[in-house]
Colleague: 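Dropping a structure here in structure tokens format, bear with me for questions.
Just so it is clear, the values below take in all heavy atoms, side chains as well, and ignore hydrogens, waters and symmetry mates. These numbers were taken from a predicted model, which means no experiment stands behind them.
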Amino acid sequence: MFKRDLQLEKRWSKLLEGLKETIGKKPADLNGVLFLIGVQELGQGNKIFSKEQKQDLMHIAVCKVLSYDGFYELDYVDQDGWPHWNLVKELPHFDLLDQEKLLKIQVLEYFEKEYEIVID
């Protein structure tokens, strides 16, 4: 593992521990964190979501975090309060491991920008 990868994993672990302190439960993985971001971005509070809505929430989160690098932009929010995004720049073709790394980096940036926390 490269030094940069080790640093990313250290920062990721710190984020998960911080989320555990904040919400009382440590997210199991990247998908759990994306779900939390999706719920936050939807802004309708903690409620029961269908399986399809949970997938939509994770999509909202992916679009939001990838918007920092200009891949997506918010198009509109529908009458039910759900944001809709447009792909504005093609995503690079990565293998699954590199996709996960990119998302983790962007999730860390989300928490740093949206909540003004530094995760070192």
Colleague: Throw together a table of side-chain donor-acceptor distances under 3.5 angstrom for residues 90-105, partners on residues two or more places apart or in other chains.
Modeller:
residue: Asp95; atom: OD1; partner: Leu97; partner atom: N; Å: 3.2
residue: Asp95; atom: OD1; partner: Asp98; partner atom: N; Å: 2.8
residue: Gln99; atom: NE2; partner: Phe94; partner atom: O; Å: 3.2
residue: Glu100; atom: OE2; partner: Lys104; partner atom: NZ; Å: 3.3
residue: Lys101; atom: NZ; partner: Asp5; partner atom: OD1; Å: 3.2
residue: Lys101; atom: NZ; partner: Asp5; partner atom: OD2; Å: 3.2
residue: Lys104; atom: NZ; partner: Glu9; partner atom: OE1; Å: 3.3
residue: Lys104; atom: NZ; partner: Glu9; partner atom: OE2; Å: 3.1

Colleague: Could you go through Trp85 and Lys64, starting from their C-alpha distance and side-chain angles, then the distance that decides it, and tell me whether this counts as side chain to side chain contact (heavy atoms under 4.5 Å, CB included)?
Modeller: CA-CA 8 Å; Trp85 296 81; Lys64 174 65 179 184; 3.9 Å; yes
Colleague: Does one hydrophobic cluster hold both Tyr68 and Leu74, with members joined at side-chain heavy-atom distances below 4.5 Å?
Modeller: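 Yes; tracing contacts between hydrophobic side chains, which count when under 4.5 Å, links both residues.
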Colleague: Answer yes or no: are there more than 12 heavy-atom neighbours, outside Glu109 itself, under 6.0 Å from its atom CD?
Modeller: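 Check passes, neighbour count above 12.
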Colleague: Can you confirm whether more than 12 heavy atoms, excluding those of Lys10, are under 6.0 Å from its NZ atom?
Modeller: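 12 or below, so no.
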Colleague: Considering all heavy atoms of both residues, which atom of Pro27 and which atom of Val33 are nearest to each other, and what is their separation?
Modeller: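 Reported closest heavy-atom pair: CB-CG2, 3.8 Å.
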Colleague: Once you round to the nearest 0.5 Å, how far does NZ of Lys113 lie from CG of Leu108?
Modeller: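 These two atoms lie 12.5 Å from each other.
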Colleague: Would you compute the distance between atom OH of Tyr72 and atom SG of Cys63 and round it to the nearest 0.5 angstrom?
Modeller: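 One gets 4.5 Å once the value is rounded to the nearest 0.5 Å.
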Colleague: With rounding to the nearest 0.5 angstrom, report the CD to CZ distance, Gln106 to Phe71.
Modeller: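 The distance works out to 7.5 Å.
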Colleague: Do the side chain of Lys20 and the main chain of Leu15 share a donor and acceptor less than 3.5 angstrom apart?
Modeller: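 Not a single qualifying donor-acceptor pair exists.
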Colleague: If you measure only the distance, is there a donor-acceptor pair under 3.5 Å linking the side chains of Tyr110 and Glu41?
Modeller: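 Distance-only check passes for Tyr110 and Glu41.
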Colleague: Using 0.5 Å steps for rounding, measure from the NE2 atom of His84 to the CG atom of Asp75.
Modeller: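 His84 NE2 to Asp75 CG: 8.5 Å, rounded to 0.5 Å.
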Colleague: I'd like to know whether NZ of Lys47 has more than 12 heavy-atom contacts from other residues, nucleotides or ligands below 6.0 angstrom.
Modeller: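 For Lys47, atom NZ is crowded (more than 12 foreign heavy atoms under 6.0 Å).
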Colleague: Which heavy atom in Asn31 sits nearest to a heavy atom in Met58, and how many Å separate them?
Modeller: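 Taking Asn31 first and Met58 second, the nearest heavy atoms are OD1-CE, 3.1 Å.
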Colleague: Is the closest side-chain heavy-atom distance between Phe111 and Leu19 below 4.5 Å?
Modeller: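 Result yes, sub-4.5 Å side-chain heavy-atom pair found.
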Colleague: Please confirm whether the backbone N or O of Trp82 pairs with a side-chain atom of Asp80, one donor and one acceptor, at under 3.5 Å?
Modeller: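 Not at all, since once roles are kept as given, no pair shorter than 3.5 Å links the two residues.
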Colleague: What closest approach, in Å, do Ala61 and Leu34 show between heavy atoms, and which atom pair accounts for it?
Modeller: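 Distance-wise, the nearest heavy atoms are CB-O, 3.0 Å.
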Colleague: Is any side-chain heavy atom of Lys26 closer than 4.5 Å to one of Glu17?
Modeller: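 They are in contact (side-chain heavy atoms under 4.5 Å apart), so the answer is yes.
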Colleague: Taking all atoms of both residues into account, what is the closest heavy-atom pair of Ile119 and Glu112, and its distance?
Modeller: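 It is N-OE2, 3.4 Å.
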Colleague: Determine whether more than 12 heavy atoms belonging to other residues, nucleotides or ligands lie under 6.0 Å from atom CG of Asp29.
Modeller: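 Yes, because the 6.0 Å sphere around CG of Asp29 holds more than 12 heavy atoms from other groups.
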Colleague: Would you compute the distance between atom CD1 of Ile117 and atom NZ of Lys14 and round it to the nearest 0.5 angstrom?
Modeller: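 Ile117 atom CD1 to Lys14 atom NZ measures 11.5 Å (nearest 0.5 Å).
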Colleague: Find out if a path of hydrophobic residues (ILVMFWY) with successive side-chain heavy-atom gaps under 4.5 Å connects Val88 to Val62.
Modeller: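 No, because Val88 and Val62 fall into different hydrophobic clusters, even though each may have its own neighbours under 4.5 Å.
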Colleague: Would you verify whether the NZ or CZ of Lys54 falls within 45 degrees of the ring axis of Phe49 while also being under 6.0 Å from that six-membered ring's centre?
Modeller: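 Not satisfied by the 6.0 Å and 45° rule.
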Colleague: Enter the distance from Gln53:CD to Ile60:CD1 here, rounded to the nearest 0.5 Å.
Modeller: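 Nearest 0.5 Å value for the CD-CD1 distance: 9.5 Å.
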